[in-house]
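For this chain, numbers begin at 1 and follow the sequence in order.
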Amino acid sequence: MRSKIPVGFLLMISIVFVGFGDQFLPQSIGRYSLQARTSIDQILVNAFPHWQPKTNPYRRTEDAIQDK
């Protein structure tokens, strides 16, 4: 038996709430939208560690400048 709650509609409403809730809703409810957006942002930023190349990509350019 299929659920009577439209999942696509709930997903769309949640995206609109997180994206624009603090601008259009009263402050008491809109602050939760801002907190959710900040939390999601922090999760995504921390999910990818800072990448540091193992080689020096500018070494060849620096050597060419010093040789002139």
Side-chain angles (χ1 to χ4, degrees):
M1 185 172 171
R2 189 171 172 158
S3 174
K4 298 199 183 241
I5 300 172
V7 176
F9 179 71
L10 291 176
L11 181 64
M12 183 179 67
I13 292 296
S14 62
I15 289 172
V16 169
F17 173 73
V18 170
F20 304 105
D22 60 326
Q23 296 173 4
F24 299 112
L25 296 173
Q27 185 178 5
S28 61
I29 300 172
R31 68 179 174 181
Y32 295 114
S33 170
L34 181 62
Q35 288 175 353
R37 188 169 54 244
T38 305
S39 297
I40 291 169
D41 184 46
Q42 287 299 317
I43 290 169
L44 291 176
V45 167
N46 293 332
F48 301 103
H50 296 289
W51 178 71
Q52 302 258 341
K54 294 181 180 175
T55 61
N56 187 355
Y58 302 112
R59 175 88 182 206
R60 212 170 89 195
T61 304
E62 291 170 353
D63 291 342
I65 292 172
Q66 289 178 359
D67 287 343
K68 283 189 176 186

If you group Ile, Leu, Val, Met, Phe, Trp and Tyr by side-chain heavy-atom gaps below 4.5 Å, do Ile29 and Phe20 land in one group?
no

Taken in chain and number order and not counting sequence neighbours, the residues that satisfy side chain to side chain contact (heavy atoms under 4.5 Å, CB included) with Arg60 are none

Which residues satisfy the side chain to side chain contact (heavy atoms under 4.5 Å, CB included) test with Phe9, sequence neighbours excluded?
Pro6, Met12, Ile13

May I ask you to list the residues sharing a hydrophobic cluster with Leu11, side-chain cutoff 4.5 Å, ordered by chain and number?
Ile15

Which pairs, with at least one residue in residues 24-46 and sequence neighbours excluded, count as a side chain to side chain donor-acceptor pair (under 3.5 Å)?
Asp22-Arg37

Hydrophobic side-chain clustering at under 4.5 Å (ILVMFWY, transitive links): who's grouped with Tyr58? Put none if nobody.
none

dist Leu34:CG -> Leu25:CG (nearest 0.5 Å) comes out at 12.0 Å

For Val45, which fellow cluster members are found when Ile, Leu, Val, Met, Phe, Trp and Tyr are connected by side-chain heavy-atom distances below 4.5 angstrom, either directly or through intermediates?
none

